[in-house]
Asker: 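Sharing a structure with you now.
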Amino acid sequence: MKVIALDAHDIRFPTSRQLDGSDAMNPDPDYSAAYAVLRTDDGAEGHGFTFTIGRGTEVCVAAIEAYAPLVVGLDIDLSDLGGFARRLIHDSQLRWLGPEKGAVHMAAAAIINAAFDLAGRVAGKPVWRLLADMTPEQIVDLADWRYLTDALRPEEAVDLLTAARPGRDEREAALLATGFPAYTTTPGWLGYTDDKLVALAREAVADGFTQIKLKVGGDLADDVRRLELARQTVGPDIRIAIDANQRWDVRQAIEWVEALKPFDPYWIEEPTSPDDILGHAAVRRSVAPVRVATGEHVANRVIFKQLLQADAIDVLQIDACRVAGVPENVAILLLAAKYGVPVCPHAGGVGLCEVVQHLSMFDYLAVSGSTENRVIEYVDHLHEHFTDPVRVRDGHYLAPTAPGMSAQMKAESLLEYAYPDGAAWRS
């Protein structure tokens, strides 16, 4: 199968108009995607993207296009997608722009995830099943083990995966019957009024969610008021996570979380810079029993490795599109399993719910073997633009059954929301 084209699209949705997605660090995001399509000589396609929030999407689109010489004309081996990923990530000249971080790494994620979408379509399987059906050795071969072996060796990972195989059939039956647990951020955007927060929190509980999340970090008095309203609305048994989106210095994070402890926050997410491993560790020691979660802005598997080695986090949050796609996320899931830290993915963005569900379901079936204290974020935005939109019932993600990674946008959405010439922007 030969790749004959790599198309890149700048797709933006004007979510800033309703303040959907607003938080203390990002007050007016326009949920966007640098969207990639791999086309092959036999008519098959693979779709992928990396999530952005407006300005700068054109940078990621340019980076996708910069990878075209490495991809177009390639006879792609769908049985060696780890090798395909390493071909992109190890290109010395493009790697220089990171290395393994930033726009060039996010662009690689879009292309690599498109390759997995292609593989799923060719195999007739959703990607969660495509991954879970692999042998332990095949799963381990997906990962790039450079820089990881001081924390986890490939042979250890094979043993870990082999130990997780018993009970796989029962877990898959449970997944297909009930789905994977979810939590919702929909009530918690910082730009929402108190009335809207209360109404959406009440609706979330009625819809079966056992955890919600509120954005914090703009103004302490506002956060106290909003958390008190949320706790009064949902009662004592619903978990409320809080998310500062990197707004604070370490000392400020500790003081702010202490002020919010009367409302029993379950975790504090991104309390400080995502690169500050020691800062996260200091926050974790100081704010317990409030858990510390981070990961959506962590650039690569090496930072995740250090967060785990330093006992800096209680909850690891992968992002399907920031690190280099499926293979690097597989490595991160294996590291999390080695260190016994639950994975609760980030999905606050266009299409992230659709794609990251595949990784959590694979983790449950083949890696961790558990859903205890594991939830996938859910936001009720923009699913109507996808050909295989996420389905949530009774606070659970239902397992997708269509082949691929659920990443394909509808053709009419690609036209309407193309930036700057689509109808949504011309108007």
Side-chain angles (χ1 to χ4, degrees), residues 22-24 178-245 247-248 252-271 280 283-295 313-317 340-348 353 360 370-380 392-397:
S22 53
D23 60 57
T178 306
F180 195 98
Y183 78 92
T184 181
T185 306
T186 297
W189 302 116
L190 205 59
Y192 285 178
T193 65
D194 289 353
D195 288 345
K196 189 169 185 177
L197 183 160
V198 167
L200 290 173
R202 187 176 292 119
E203 183 179 309
V205 175
D207 288 341
F209 292 100
T210 58
Q211 178 176 322
I212 65 171
K213 186 168 77 182
L214 268 60
K215 300 293 185 175
V216 298
D219 178 86
L220 181 55
D222 286 344
D223 289 346
V224 168
R225 186 190 72 255
R226 293 170 67 250
L227 244 68
E228 184 174 18
L229 284 170
R231 181 55 74 197
Q232 289 173 350
T233 300
V234 303
D237 299 327
I238 300 296
R239 291 174 174 176
I240 302 178
I242 55 175
D243 184 358
N245 291 94
R247 185 63 186 263
W248 301 320
Q252 187 181 21
I254 294 167
E255 294 172 351
W256 207 295
V257 174
E258 285 295 327
L260 299 178
K261 275 188 175 179
F263 309 107
D264 192 24
Y266 180 65
W267 76 49
I268 173 60
E269 182 173 334
E270 288 198 313
H280 275 83
V283 173
R284 181 174 182 258
R285 288 193 300 269
S286 298
V287 305
V290 179
R291 295 156 180 81
V292 170
T294 205
I313 54 174
D314 301 281
V315 178
L316 188 152
Q317 296 174 302
V341 174
V343 176
C344 299
H346 169 243
C353 295
S360 280
S370 175
T371 59
E372 184 178 2
N373 291 328
R374 290 165 168 83
V375 281
I376 308 171
E377 184 175 23
Y378 175 72
V379 295
D380 189 16
V392 172
R393 183 181 68 199
D394 296 330
H396 287 70
Y397 275 79

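These values consider heavy atoms only, across backbone and side chains, with no hydrogens, waters or symmetry-generated copies.
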Asker: Do His280 and Pro271 make a side-chain contact, defined as non-hydrogen atoms from C-beta onward lying under 4.5 Å apart?
Answerer: yes
Asker: For Glu377 and Lys213, work out which heavy atoms get closest and say how close.
Answerer: OE2-NZ, 3.1 Å
Asker: For the side chain of Glu269 and the backbone of Asp243, is there at least one donor-acceptor N/O pair under 3.5 Å apart?
Answerer: no
Asker: Roughly how far, to the nearest 0.5 Å, is OG1 of Thr184 from CG of Leu200?
Answerer: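 One finds 8.0 Å between CG of Leu200 and OG1 of Thr184.
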Asker: Tell me whether Arg231 contacts the main-chain N or O of Pro265 through its side chain, where contact means a donor paired with an acceptor under 3.5 Å.
Answerer: no
Asker: Any side-chain heavy-atom pair from Asp194 and Arg226 closer than 4.5 angstrom?
Answerer: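 Side chain of Asp194 against side chain of Arg226, heavy atoms only: contact under 4.5 Å found.
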Asker: Going by the rule side chain to side chain donor-acceptor pair (under 3.5 Å), which residues pair with Asp380 if we only count those two or more places apart in sequence or in a different chain?
Answerer: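 Testing Asp380 for side chain to side chain donor-acceptor pair (under 3.5 Å), a comparison that skips the adjacent residues, returns Tyr378.
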Asker: Check whether any side-chain N or O of Arg374 sits under 3.5 Å from a backbone N or O of Glu372 as a donor-acceptor pair, and report yes or no.
Answerer: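 Yes.
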Asker: Can you give me the closest heavy-atom contact between Trp189 and Val379, atom names plus distance?
Answerer: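 Looking at all heavy atoms of both residues, the closest pair is CZ2-CG1, 3.6 Å.
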Asker: Say whether, by atom type as modelled, one donor and one acceptor occur between the side chain of Gln317 and the main chain of Pro345 under 3.5 angstrom.
Answerer: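 Here the side-chain-to-backbone pair does not exist.
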Asker: Might you point out which heavy atoms bring Val341 and Asp314 nearest each other, and give the distance in Å?
Answerer: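 Distance-wise, the nearest heavy atoms are CG1-O, 3.5 Å.
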Asker: Within the 4.5 Å heavy-atom criterion, are Tyr266 and Asn373 side-chain neighbours or not?
Answerer: yes
Asker: Taking atom CZ of Arg393 and atom CG of Asp207, what is their separation to the nearest 0.5 Å?
Answerer: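 Interatomic distance, Arg393 CZ to Asp207 CG, rounded to 0.5 Å: 13.0 Å.
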Asker: Taking the side chain as every heavy atom from C-beta outward, state whether Ser360 and Tyr397 have any pair of such atoms under 4.5 Å apart.
Answerer: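 Not touching, per the 4.5 Å side-chain cut-off.
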Asker: Under 4.0 Å between a Lys/Arg side-chain N and an Asp/Glu carboxylate O for Glu258 and Lys261?
Answerer: yes
Asker: Would you find a donor on one side and an acceptor on the other, under 3.5 Å apart, between the side chain of Thr185 and the backbone of Gly188?
Answerer: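 Checked: no pair found.
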